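Worksheet for the structure shown next.
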Amino acid sequence: MSTKIQKISVIGGLTALAMIFSYVEFLVPSLIPVPGAKIGFSNIVILLAMFAIGCGEAFIIGILKVFLTALLFGNLLSFFMSLSGFLLSFFFMLYLKKWGKNSIPGISLGGGVFHNFGQLLAASVYIGNLSLAKWSFIFSIYGIITGLITGFICKMIYERIKKYDWLSSR
Amino acid sequence: MFAYDIMFLMKRADYTLGAVMLMLGFLITFIYGKMSGKETASKVFVYVDTKCVSVLDLSQDFEYAVSNEYGNNTVEIKSGKVYIKDSDCKGNDCVKMSGISKSGESICCLPHRLYIVIEGDSEGTVDTVAY
């Protein structure tokens with residue numbers, strides 16, 4: 001059981017961490033020749049918050065990260081792309097967590113794929129036609145790979161920190 | 001927990017989920033490919049004096065003669081590319097130009113006020129989105 005102050009400070013710290021991950025990825029060029037393709041390390045923070053603290057807190061961290069990152073480093077297009085990717089991936093991960101049959105890497109995998117789909121959706125709305133839909137197969141493969149990477153990292157961290165139950169909101 | 005036992009941490013539902021995600025992506029690509037094959041074939045627009053005189057299909061091989069008071073040109077569409085095959089203008093720059101095949105590309109013959117442009121949903125959309 002945690003006090004309110006503990007919860008607020010943990011949320012603030014994790015939001016800063018997610019923003020730093022997002023910024024560092026923005027500086028490092030992507031490994032595959034798709035513009036803006038990233039591993040998505042900030043998903044580790046959100047997923048970890050979802051398991052170690054609670055779903056509502058994870059949503060607050062994610063939405064704060066999207067807004068603040070766009071305000072500091074991004075433009076309007078990148079804001080809408082990351083917002084749509086975040087919302088889609090978060091609610092899909094929430095659904096998978098409630099369903100309860102998947103482990104953390106699996107949930108992260110689904111979230112990675114749906115983050116890519118959300119970004120494709122926002123980009124399709126921006127350019128005004130559906131011609132980007134032909135990339136969805138490539139993007140689902142890429143989402144599976146990056147989702148597994150972040151999922152395994154998240155699992156390793158979670159195994160180490162789950163004994164600190166003061167993080168949990170329950 | 002060590003790195004080598006990490007593959008055993010994945011449950012059966014995770015593999016199923018991965019397969020479902022892969023199929024979902026493939027399905028969207030496949031359905032889009034089916035849909036776009038019928039509707040959004042690229043069109044070749046032929047303009048004379050800024051007026052559109054003809055709209056041709058890029059996917060069909062075709063020869064189209066443009067004759068008017070400025071002169072004669074023969075437009076040829078061959079295996080998805082548009083050329084000007086023959087022209088009786090002075091410099092013959094339009095004939096020397098290589099064929100066009102992508103959306104937004106154009107050939108013009110200035111002495112004959114002829115302008116040919118491809119419009120439609122072919123390659124080239126990614127370059128316009130990349131920033």
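The sequence lines fix the lettering, A, B, ..., with proteins before strands; numbering per chain opens at 1. Keep in mind the model is a prediction, meaning the values are calculated, not measured.
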TODO: State yes or no: do A:L68 and A:L27 share one hydrophobic cluster built from I, L, V, M, F, W and Y residues joined by side-chain heavy-atom distances below 4.5 Å, directly or via other members?
DONE: yes

TODO: Find out if a path of hydrophobic residues (ILVMFWY) with successive side-chain heavy-atom gaps under 4.5 Å connects A:V125 to B:Y32.
DONE: no

TODO: Working to the nearest 0.5 Å, report the span between CG of B:L17 and CH2 of A:W99.
DONE: 7.5 Å

Task: same_hphob_cluster(A:L47, A:I63) at 4.5 Å side-chain heavy-atom cutoff - done: yes

TODO: Count the heavy atoms of every other residue, nucleotide or ligand shown that sit under 6.0 Å from OH of A:Y95, and state whether that count exceeds 12.
DONE: no

TODO: Look at the side chain of B:D14 and the backbone N and O of A:S103, then say whether any donor-acceptor pair between them is shorter than 3.5 Å.
DONE: yes

Task: Minimum-distance pair of heavy atoms, taken over all atoms of B:K11 and A:K101 - done: CD-O, 3.3 Å

TODO: Identify which part of A:L96 has an atom lying under 4.5 Å from any heavy atom of chain B, answering side chain, backbone, both or neither.
DONE: side chain

TODO: Could you tell me whether the side chain of B:L22 reaches within less than 4.5 Å of the side chain of A:I144, counting heavy atoms only?
DONE: yes

- [ ] Indicate the atoms forming the closest heavy-atom contact of A:S136 with B:G25, along with that distance.
- [x] OG-O, 3.1 Å

Open item on the list: Would a single hydrophobic cluster contain both B:Y83 and B:I116, if residues Ile, Leu, Val, Met, Phe, Trp and Tyr are joined by side-chain heavy-atom contacts under 4.5 Å?
Closed with: no

Task: Exceeds 12 heavy-atom contacts within 6.0 angstrom, atom CZ of A:F80 - done: no

Task: Minimum-distance pair of heavy atoms, taken over all atoms of A:V113 and B:M21 - done: CG1-SD, 3.6 Å

